[in-house]
Each structure stands twice: as structure tokens, then as C-alpha cells.
Asker: 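Here's a structure for you.
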Number of protein chains: 2
Amino acid sequence: MTTTEEKILTAAIELMAEKDYQAVTTKEIAKAANVSEMTLFRHFGSKMNLLEAAVERFSIIVPLWQTVEKQISWNLEADLLLIAQLYQSLIRQNKKAFTVLYKESKHFPHLKEKVMYKNPVSLKNHLVEYFREMQARGQMIDVNPEVPAVGFLYMNLNAVLGINDLLSQLDESEFILQAVRIFARGLKA
Amino acid sequence: MTTTEEKILTAAIELMAEKDYQAVTTKEIAKAANVSEMTLFRHFGSKMNLLEAAVERFSIIVPLWQTVEKQISWNLEADLLLIAQLYQSLIRQNKKAFTVLYKESKHFPHLKEKVMYKNPVSLKNHLVEYFREMQARGQMIDVNPEVPAVGFLYMNLNAVLGINDLLSQLDESEFILQAVRIFARGLKA
DNA sequence: CCTGGATGTTAGTGAGCACTAACTAACAAA
DNA sequence: TTTGTTAGTTAGTGCTCACTAACATCCAGG
């Protein structure tokens with residue numbers, strides 16, 4: 001029991017993730033949503049509006065750190081693994097919106113700000129704080145905590161969005177596990 | 001003293017990196033290249049041809065590992081730093097072509113293969129070999145060498161191409177230096 | 001049964017785009 | 001001078017696309 005609007009939004013984000021803004025046509029979206037083109041315009045007014053709504057609809061912003069804080073153990077490897085898993089599942093949920101935004105950020109400046117910027121940046125800040133605390137506890141080597149924070153986020157981001165062909169035989173969850181291990185080992189005091 | 005063709009190719013890749021395939025118009029490219037639109041078609045026949053030529057023109061494939069082999073020291077941190085620096089400068093050179101290919105890989109399948117795939121994959125394979133050798137020498141912990149290889153490449157890739165805003169205050173070369181240090185520390189036996 | 005709101009259908013408009021044709025201008029080699 | 005090459009200009013063709021107008025249909029609630 002999906003509403004008409006939902007059907008259209010879903011079709012739109014799907015096609016946008018595949019092609020680019022200009023390449024996707026309203027006719028195409030309507031067809032994919034099993035809806036007449038008119039309906040689409042009646043609901044969203046313009047192609048631009050529709051695509052903006054679609055990206056917004058599928059951009060999930062989660063207060064990820066709240067979950068982290070509840071389960072934090074102040075053990076580097078365990079905590080990093082937790083964060084990596086939560087973050088990657090978040091990215092996976094947002095994958096299509098991310099892909100679209102990455103390609104078409106010019107078209108949706110304020111959405112880019114909201115989804116691609118705020119989300120990872122606030123996570124980065126929390127990570128930096130966490131690393132600082134770990135350093136204070138003498139559990140982590142002395143580095144500018146921004147470096148591991150950014151490096152860690154990059155690795156996770158690419159593990160989901162990146163040129164997956166590179167990973168090839170590697171199982172994704174296995175990759176996280178081992179990568180986190182190496183990371184934690186490199187940071188441990 | 002750049003030839004007409006060079007001027008066109010440069011303008012083309014520049015605009016393609018900003019917008020997407022459909023959004024860039026031949027008129028626009030011609031104007032940016034200070035050339036009449038006709039000239040563009042006379043040289044390249046079609047928009048598709050032109051953009052393909054542009055991406056190819058600015059896709060530099062370097063036998064990076066030859067340089068690495070000459071300077072290899074079998075010291076994890078030093079070697080990784082060398083590789084990171086070489087790889088990042090390669091990415092930086094290819095940045096525009098990479099950006100275009102990432103967005104428009106559908107349009108240039110064989111170029112994607114050539115630039116985005118072969119290059120990093122061959123590098124990955126060399127890295128895996130290198131790690132294996134280091135393990136054999138007892139200088140590295142026992143992990144599936146694919147994991148650090150892929151993770152390392154991901155980090156470098158994003159350090160150049162990624163959401164740069166994240167790095168913000170961080171100096172790029174400083175970031176490499178420290179990140180490599182952490183990585184090497186995590187792998188050292 | 002009637003009415004209103006959501007959807008479908010059809011036909012079309014106007015704009016922008018890739019690409020072409022036909023002709024001209026500049027210039028350099030023979 | 002002649003000729004070939006390279007580029008510019010202008011005008012235009014045909015297509016696709018976002019978007020609209022006008023009308024038809026379906027169906028639920030009163």
C-alpha cells in the first residue's frame with residue numbers, strides 16, 4: 001500500500017542513482033512509477049522539485065553517536081568496530097541519495113550541505129573527541145586526532161561507496177573487521 | 001602556443017568535471033575554448049567522440065611501481081609513505097578525468113576499465129605482493145594482505161578526491177605522513 | 001445516485017540541443 | 001597565382017524534453 005507519491009519518489013531516486021540529472025526524463029520516471037506523467041507534475045510541479053524531494057526523502061540522518069555512546073567500552077578496537085558498523089549501515093541506507101548528491105551536488109546545494117556534510121562532519125567531531133579522551137586515558141598514541149578520524153571515515157565511506165571492483169573477492173564485513181583491527185593496533189598506546 | 005585541438009580538449013574536460021555529460025553543451029565547450037562550434041565538430045565529429053578524447057587525453061597511466069621498486073627499502077613506514085606520495089600525485093594529475101569517469105562511467109565503459117580499473121588494480125596487486133613479502137620476512141603481522149592493500153588505497157584515493165571539506169584544517173601532506181605512520185604501526189610485526 | 005478529488009489520456013507548445021550545409025576569410029606552400 | 005588547409009559565420013533541421021491545457025474516467029463518502 002504505497003501511495004502514489006511514494007512510488008514516484010522511489011522511481012525517481014532509483015533512476016537518478018543510475019543516470020544523471022539531465023539524463024533522467026520525467027516520462028521515464030513516470031513509467032517506472034507506473035503513473036502518468038501528468039500525475040508526477042501535479043504532485044511535484046517540476047522535475048527539479050521532484051528530484052529534490054526524492055533526495056530528501058531518502059536521506060536519512062541518524063543521531064548515530066547516541067547509539068555509540070550507549071555501547072561505548074573505551075576499548076579502541078571494540079569501539080571502532082561498533083562505529084564502523086553503524087556508520088557503514090548508515091551509508092548503505094543513504095547510498096542512492098549519496099550517489100546522486102555526489103554527482104549532482106551543483107543541483108542541490110542545500111541538500112548537499114545537509115546530507116553529505118553535516119552528517120559525516122558531526123561524526124568526525126565526535127570521533128575526534130573520542131580519540132582525545134582515549135589519549136587522555138593514555139590508551140592511544142599521540143597524534144593529531146583529526147588524522148585517524150578522517151582516515152577512518154574515508155576508509156568506511158569507500159568500503160561502501162568506492163570502486164567496489166577493487167574489493168573483488170573480499171567479503172565486506174570481513175574487510176571491516178580486519179581493517180578496524182589494523183587501525184586500532186596502529187593507534188593503541 | 002596550444003593547438004586548436006588541445007584548447008578544445010582542455011575546455012571539454014574542464015566543463016565535464018564541473019557538470020555532467022548531458023549538461024555540457026557543445027556550444028559551451030566551443031565558447032570556453034575560444035573556437036567556433038563548427039571547428040569542434042570538424043575535429044571530433046560528435047560530442048561523444050570529443051568527450052571520449054578529452055578523458056583519454058587527460059588520463060595519465062604511469063607504471064608507478066617501477067619507481068617504487070627502485071626506491072624500495074623494505075621498511076614498512078618508509079615504503080608506504082613513498083607509495084602514498086606517488087599514488088596521490090598520480091591521482092591529482094588524473095583528478096579531472098577521474099571525476100568525470102566516476103560520474104559518467106556509463107558513457108565511457110572502456111575508458112573506465114582503462115583508467116579507473118587497471119591502474120588501481122595493478123597497484124593493488126603490487127601492494128599485496130609487497131605485503132606478502134614483508135610477512136615472509138617476518139616484518140608484518142599475519143593478515144589477509146588484501147585488506148591493508150585495499151584500505152590503504154581507499155584512504156589515499158579519498159584524501160585527494162574525497163569530500164575535501166572534511167579535511168578542512170588538515171594539511172594534505174601532513175595528513176598523508178601521519179596516516180601512513182598509523183597504518184604502518186598497525187601492520188608492523 | 002451524486003459529487004469531488006485523484007488519476008489518466010491526448011495533443012500540443014516552446015525551448016534547447018546536437019549536428020549539418022553552404023559559403024567565406026586567412027594564410028601558407030608550391 | 002593557384003591551391004589546400006584550417007577556421008569562422010549563418011541559417012537551419014530535426015529531435016527530445018519539460019511542462020500545459022482540456023477533457024475523460026474512476027471511485028469513495030454522503
Side-chain angles (χ1 to χ4, degrees), chain A residues 1-58 96 100-101 103-111, chain B residues 1-58 96 100-101 103-111:
Chain A
M1 120 93 245
T2 32
T3 75
T4 308
E5 248 171 52
E6 277 294 302
K7 281 197 300 182
I8 297 173
L9 290 173
T10 308
I13 198 92
E14 205 82 30
L15 288 167
M16 278 282 286
E18 275 175 36
K19 317 185 170 192
D20 49 70
Y21 180 83
Q22 311 261 351
V24 177
T25 69
T26 50
K27 189 174 282 183
E28 200 178 3
I29 296 172
K31 197 175 177 185
N34 231 356
V35 144
S36 102
E37 203 181 350
M38 259 317 298
T39 306
L40 182 156
F41 279 104
R42 273 197 272 254
H43 276 277
F44 299 98
S46 74
K47 181 185 178 184
M48 184 70 212
N49 267 345
L50 164 58
L51 295 177
E52 216 169 296
V55 174
E56 189 139 35
R57 165 67 183 77
F58 292 98
K96 295 222 168 94
V100 172
L101 277 177
K103 291 190 292 192
E104 321 292 338
S105 50
K106 288 269 161 58
H107 290 288
F108 316 106
H110 85 276
L111 277 179
Chain B
M1 112 98 249
T2 32
T3 74
T4 308
E5 250 173 51
E6 277 293 302
K7 280 196 301 181
I8 297 173
L9 290 173
T10 308
I13 197 95
E14 206 83 29
L15 288 168
M16 279 282 285
E18 275 175 38
K19 316 184 172 194
D20 49 70
Y21 179 83
Q22 311 260 353
V24 178
T25 69
T26 50
K27 190 174 283 184
E28 199 178 3
I29 296 172
K31 196 176 177 184
N34 232 353
V35 147
S36 104
E37 203 181 350
M38 259 319 298
T39 307
L40 183 156
F41 280 103
R42 271 196 275 253
H43 277 277
F44 299 98
S46 75
K47 182 186 178 184
M48 184 69 213
N49 267 345
L50 163 59
L51 294 177
E52 217 169 296
V55 175
E56 188 140 33
R57 165 65 182 80
F58 292 99
K96 293 221 168 95
V100 171
L101 277 178
K103 292 190 291 192
E104 321 292 339
S105 49
K106 291 267 162 61
H107 291 288
F108 317 105
H110 85 277
L111 276 180

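Both backbone and side-chain heavy atoms feed into the values below; hydrogens, waters and symmetry mates do not. Chain letters run A, B, ... following the sequence lines, proteins first, then strands; residues in each count from 1.
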Asker: NA contact type, B/Thr39, heavy-atom cut-off 4.0 Å: base, sugar-phosphate, or nothing?
Answerer: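 Since only primed, P, OP1 and OP2 atoms lie under 4.0 Å of B/Thr39, the category is sugar-phosphate.
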Asker: Rounded to the Å, how far apart are A/Asn49 CG and D/dT20 P?
Answerer: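 Checked: the CG to P distance equals 11 Å.
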Asker: Is there side-chain contact between B/Leu51 and B/Phe108, with heavy atoms separated by less than 4.5 Å?
Answerer: yes
Asker: Please tell me which of the listed nucleotides, D/dA18, C/dA21, C/dT9, lies nearest to the side chain of B/Met38?
Answerer: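 For the B/Met38 side chain, the nearest candidate turns out to be C/dA21.
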Asker: Rounded to whole angstroms, how far apart are CE on A/Met48 and P on D/dC19?
Answerer: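 Rounded to the whole Å, the gap is 11 Å.
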Asker: Does OP1 or OP2 of C/dG16 have a side-chain N or O of B/Thr25 closer than 4.0 Å?
Answerer: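 The answer is no; no side-chain N or O of B/Thr25 sits under 4.0 Å from OP1 or OP2.
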Asker: Output the single nucleotide from C/dC17, C/dC19, D/dC19 whose closest atom is nearest the side chain of A/Ser46.
Answerer: D/dC19
Asker: Compare the minimum distances between each of C/dG8, D/dG8, C/dT7 and the side chain of A/Ser36, then state the nucleotide with the smallest one.
Answerer: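 Comparing C/dG8, D/dG8, C/dT7 against the side chain of A/Ser36, the answer is C/dG8.
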Asker: Below 4.0 angstrom, N of the basic side chain to O of the carboxylate: do B/Glu6 and B/Arg57 qualify?
Answerer: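 Judged by the 4.0 Å cut-off on N to carboxylate O distance, B/Glu6 and B/Arg57 do form a salt bridge.
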Asker: Nearest whole angstrom, please: distance from the P of D/dA18 to the CG of A/Leu40.
Answerer: 10 Å
Asker: Taking CD from B/Glu52 and C1' from C/dA18, how many angstroms apart are they, rounded to a whole number?
Answerer: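 About 17 Å, once rounded to whole Å.
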Asker: Would you state whether a donor and an acceptor, one from the side chain of A/Arg42 and one from the base of C/dG5, lie under 3.5 Å apart?
Answerer: no
Asker: Verify the contact: side-chain N or O of B/His43 to OP1 or OP2 of D/dT6, cut-off strictly under 4.0 Å; return yes or no.
Answerer: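 B/His43 to D/dT6 OP1/OP2: no side-chain N or O under 4.0 Å.
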Asker: Can you identify which nucleotide, out of D/dA18, C/dA21, C/dC19, has its nearest atom closest to the A/Phe41 side chain?
Answerer: D/dA18
Asker: Can you tell me how the ring of B/His107 sits relative to the ring of B/Tyr21, calling it parallel under 30°, perpendicular over 60° and tilted otherwise?
Answerer: parallel
Asker: Between atom NE2 of A/His43 and atom OG1 of A/Thr3, what is the distance when rounded to the nearest 0.5 Å?
Answerer: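 Taking NE2 in A/His43 and OG1 in A/Thr3, the distance rounds to 7.5 Å.
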Asker: Answer yes or no: does atom NZ of B/Lys96 have more than 12 heavy-atom neighbours from other residues, nucleotides or ligands under 6.0 Å?
Answerer: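 At most 12 heavy atoms, drawn from other residues, nucleotides or ligands, come within 6.0 Å of this atom.
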Asker: Whole-Å distance between D/dC15 C1' and A/Lys27 NZ?
Answerer: 12 Å
Asker: To the nearest angstrom, how far is B/Gln22 atom CD from D/dC17 atom C1'?
Answerer: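 So the two atoms are 11 Å apart, to the nearest Å.
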